[in-house]
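Both counts, for ligands and for their atoms, begin at 1 and track the order of listing. This is a predicted model, so every value here is computed, not measured. For this chain, numbers begin at 1 and follow the sequence in order.
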Amino acid sequence: MKNIINIELRTQKVDFSKCKTDILAAGLFSDAGELDKLNKELNKKLDGAIDRLIKLGDFKGKEGTNAIIYSNNEIGAKRILLVGLGEKKKSTLDTARNAAANAAKTSVELKAKTMSLALHNAFGGRLDLSAMARALGEGIYFGSYRYDEFITENENGRLDSLKVSLIDPDSTKLKKLQKGLSIGIVIGKAQSYARTLANRPANVATPAVLAAAAKELARGSKRLSCTVFDEKQMAAKRMGGVLAVGSGSQNKPRFIILKYNPPGKAANKLPTVALVGKAITFDSGGISIKPSANMEEMKLDKTGGIAVLGTMKAIAELAPPVNVYGIVPSAENMPSGTSYRPGDIINTFSGKTVEVQNTDAEGRMILCDAISYAVKQKCDIIIDIATLTGACVVALGKYMAGLMGNDETLIKDLQKASDACGEKVWPMPSSEEYAKEMKSKIADLKNIGGRWGGACTAAAFLKQFAGDTKWAHLDIAGVWNFEKATEFTSEGASAFGVRLLTTYVVGLKNKKK
Ligand code: BES
Ligand code: ZN
Ligand code: ZN
């Protein structure tokens with residue numbers, strides 16, 4: 001299989017106008033009035049080209065837009081890419097991340113070999129340089145990413161690598177940039193890793209293949225260990241939920257556990273977080289089969305689990321002082337003579353029995369076992385992430401994930417992490433009323449509620465398995481992909497959750513048990 005684009009990203013001490021590069025990216029705010037120092041210098045050397053571009057109205061500095069100016073002998077770069085940053089007073093780290101993504105996407109389209117980023121310069125002192133460099137690093141990976149590993153005829157394709165430098169002539173600034181950039185690189189790589197795994201189709205990425213990927217992650221890091229339960233081991237442990245969902249497929253289910261061990265010896269004094277991700281490698285609906293239109297999208301029903309794998313990869317490299325379990329139940333939901341059926345009663349790992357009324361509500365059937373497993377490991381905090389309900393997409397659309405939970409502090413901390421990393425969440429309820437709808441006459445509970453508020457009933461189902469443990473749930477059904485390429489990235493899996501969960505876990509470092 002072909003490699004996805006290889007990014008080399010570093011800082012470089014050099015004068016902006018002297019830097020030899022295929023593309024020099026500089027930012028411009030839409031309400032900047034006069035040009036900032038860097039743009040003024042470039043403009044002068046370009047004989048007023050930036051002024052002319054702006055006067056003609058061809059470029060207004062709006063977010064998501066850019067303009068290319070071809071250079072002359074006065075400047076080291078072959079091209080100047082002016083990237084729109086929108087209104088200065090509204091600008092955030094997201095603005096920087098998006099601008100870097102836009103520049104990287106354009107560089108790949110232009111088949112540039114090298115790009116130099118001077119985007120931070122436009123912000124002046126508005127944002128912390130280190131945080132900005134992290135966002136820029138994430139943005140470079142995000143924007144340059146495309147999923148083309150199965151395309152064999154690549155005449156108009158891309159180069160295999162892109163060298164990017166964050167440039168500045170000032171060593172003190174560079175030091176700050178380098179600090180954040182090294183984090184941005186780890187997170188950016190983890191997100192691209194997750195996007196590729198998520199984009200792989202169900203005939204390639206089976207539960208066993210995901211388990212092998214998790215083992216591979218553990219082989220690559222001394223801080224990670226990996227345990228995988230196959231069907232027999234799950235049967236011995238009575239993980240009836242995962243087994244039921246996987247029973248219709250030839251591709252047998254797996255229960256994947258990655259454990260991150262923090263550096264130092266005081267691990268038992270540190271909190272333990274469980275990240276639980278739904279990894280249905282294909283959701284046909286099972287016997288309650290889905291309509292055929294767009295069913296191919298359901299290869300992405302594994303993206304919660306894969307976001308957990310990506311997060312574990314990032315955490316292992318960033319080494320925060322927290323114990324972390326990554327728990328990924330994985331199965332393929334298929335209709336066959338061996339499938340679980342509507343009406344079946346399943347013994348879940350918790351001991352609770354569940355009456356199946358719809359085999360398409362399979363995410364909660366695998367997650368309940370994984371949440372119970374996390375409770376059994378005495379985790380202090382459980383966060384699950386899942387492409388759980390179409391109802392969440394109806395409620396929130398494609399821009400933010402639903403956030404439910406049983407602990408206000410945990411919900412607030414996740415909202416803070418969301419604000420910092422740009423992956424948006426919106427709070428939704430999962431209270432007792434919703435749970436009531438799932439009372440069963442012949443088992444402890446049913447796997448679906450009534451017609452309305454499906455995202456909330458799904459969460460209320462999971463909540464019952466967390467018990468007294470602090471728990472939060474992210475429904476990422478709407479944000480799992482980009483249906484079309486945007487100004488900032490290519491179409492396909494988004495790997496939503498890698499940035500959010502990594503930011504949350506790394507932010508826990510100052511909180512003692
Ligand atoms: N994987 C789907 C949810 C989904 C739908 C994700 C659309 C992304 C886009 C999930 O397993 C499912 O099928 N949920 C059902 C639940 C229903 C049967 C209660 C749904 O949302 O229709
Ligand atoms: Zn389903
Ligand atoms: Zn599903």
Side-chain angles (χ1 to χ4, degrees), residues 198-199 202 205 207 210 241-242 244-249 253 276-307 328-335 339-344 354-370 384-402 404 428 430 434-435 437-438 440 445-462 473-483 492-497:
N199 277 321
L210 296 189
V242 191
V245 175
S247 63
S249 174
V276 175
K278 166 179 174 181
I280 295 293
T281 56
F282 187 69
D283 183 10
S284 69
I287 298 292
S288 316
I289 197 162
K290 287 182 181 294
S292 57
N294 304 325
M295 207 203 263
E296 73 283 353
E297 284 191 350
M298 287 294 151
K299 71 168 186 174
L300 294 177
D301 211 20
K302 58 189 182 299
T303 47
I306 285 165
V328 181
S330 183
E332 187 175 34
N333 190 21
M334 295 291 265
S339 302
Y340 81 134
R341 333 153 178 73
D344 285 1
V354 178
E355 179 192 355
V356 176
Q357 286 201 328
N358 190 321
T359 62
D360 198 12
E362 84 298 337
R364 62 198 79 178
M365 298 299 296
I366 66 167
L367 288 170
C368 68
D369 281 357
D384 80 71
I385 176 163
T387 49
L388 204 61
T389 64
C392 190
V393 196
V394 173
L396 298 179
K398 300 276 303 165
Y399 310 109
M400 38 198 95
M404 294 80 160
M428 291 173 85
S430 59
Y434 299 99
E437 292 184 17
M438 288 171 291
S440 163
L445 69 166
K446 304 190 289 190
N447 79 333
I448 55 170
R451 187 163 167 206
W452 312 114
C456 309
T457 43
F461 179 96
L462 298 178
H473 161 65
L474 291 159
D475 193 331
I476 57 164
V479 292
W480 65 354
N481 73 342
F482 302 102
E483 282 174 344
S494 65
F496 185 106

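- Of the N or O atoms in Trp480, none lie within a sub-3.5 Å distance of an N or O in ligand 1.
- Within a 4.0 Å radius of atom 22 (O) of ligand 1, the protein contributes no heavy atom.
- Residue contacts with ligand 1 do not include Glu297, since none of its heavy atoms lies under 4.0 Å from the ligand.
- Separating the CG atom in Asp384 from the CE atom in Met404 is a distance of 9.5 Å, to the nearest 0.5 Å.
- Here Ile289 contributes atom CD1 and Met295 contributes atom CE; the two are 4.5 Å apart, rounded to the nearest 0.5 Å.
- What sits closest to atom 7 (C) of ligand 1 on the protein, heavy atoms only, is Met298 CE, 3.7 Å.
- Those atoms of ligand 1 with a heavy atom of Lys278 less than 4.0 angstrom away are 1 (N), 10 (C), 11 (O).
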### Message
Could you go through Glu362 and Lys278, starting from their C-alpha distance and side-chain angles, then the distance that decides it, and tell me whether this counts as salt bridge (charged side-chain N to carboxylate O under 4.0 Å, His left out)?
### Response
CA-CA 10 Å; Glu362 84 298 337; Lys278 166 179 174 181; 3.0 Å; yes
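- Here the CG-CG distance, from Asn333 to Asp360, works out to 6.5 Å after rounding to the nearest 0.5 Å.
- Below 4.0 Å from some heavy atom of Thr387 lie the following atoms of ligand 1, by number and element: 1 (N), 2 (C), 3 (C), 6 (C).
- Taking Ala458 as the reference, Arg364, Leu388, Thr389 meet the side chain to side chain contact (heavy atoms under 4.5 Å, CB included) condition, with sequence neighbours excluded.
- For atom 16 (C) of ligand 1, the nearest non-hydrogen atom of the protein is Arg364 NH2, 3.9 Å.
- Remark: side-chain polar atoms of Ser430 are not paired, donor with acceptor, to backbone N or O of Cys456 under 3.5 angstrom.
- Closest to atom 2 (C) of ligand 1, if we only count protein heavy atoms, is Asp283 OD2, 3.5 Å.
- The protein heavy atom nearest to atom 15 (C) of ligand 1 is Asp360 O, 4.0 Å.
- Atom 18 (C) of ligand 1 has as its closest protein heavy atom Asn358 ND2, 3.4 Å.
- Note that OG1 of Thr303 and CZ of Phe496 are 10.5 Å apart. Values are rounded to the nearest 0.5 Å.
- Atom CG in Asn481 sits 3.5 Å away from atom NZ in Lys398 (nearest 0.5 Å).
- Scanning all protein heavy atoms for the shortest distance to atom 6 (C) of ligand 1 gives Ala477 CB, 3.6 Å.
- Heavy-atom proximity to Ile448, at under 4.0 Å, picks out these atoms of ligand 1: 19 (C).
- The N/O atoms of Gly363, backbone and side chain alike, include none that comes under 3.5 Å of an N/O atom in ligand 1.
- Side chain of Asp301 to backbone of Met298: no donor-acceptor contact under 3.5 angstrom is found.
- A donor-acceptor pair under 3.5 Å is absent between the side-chain atoms of Asp344 and the main chain of Val356, judged by distance alone.
- For atom 3 (C) of ligand 1, the nearest non-hydrogen atom from the set Val393, Thr359, Leu388 belongs to Leu388.
- Of all atoms in ligand 1, listed by their number and element, those nearer than 4.0 Å to a heavy atom of Glu362 are 11 (O).
- Nearest heavy-atom pair, Ala202 versus Thr281, reported as atom, atom and distance to 0.1 Å: CB-O, 3.4 Å.
- The backbone N or O of Phe282 lies less than 3.5 Å from no partner atom in the side chain of Lys302, so there is not a single donor-acceptor pair.
- Protein N, O or S atom count below 2.8 Å of the Zn ion (ligand 3): the structure gives 4.
- The backbone N or O of Met334 lies less than 3.5 Å from a partner atom in the side chain of Ser339, making a donor-acceptor pair.
- Near Thr389, meaning under 4.0 Å from any of its heavy atoms, are these atoms of ligand 1: 3 (C), 21 (O).
- Of the N or O atoms in Asp301, one or more lie within a sub-3.5 Å distance of an N or O in ligand 1.
- Side-chain contact annotation: Lys299 with Asn199, donor-acceptor N/O pair under 3.5 Å absent.
- Annotation: atom 20 (C) of ligand 1 to nearest protein heavy atom, Gly390 N, 3.9 Å.
- A distance of 10.0 Å separates SG of Cys392 from CD1 of Ile476, quoted to the nearest 0.5 Å.
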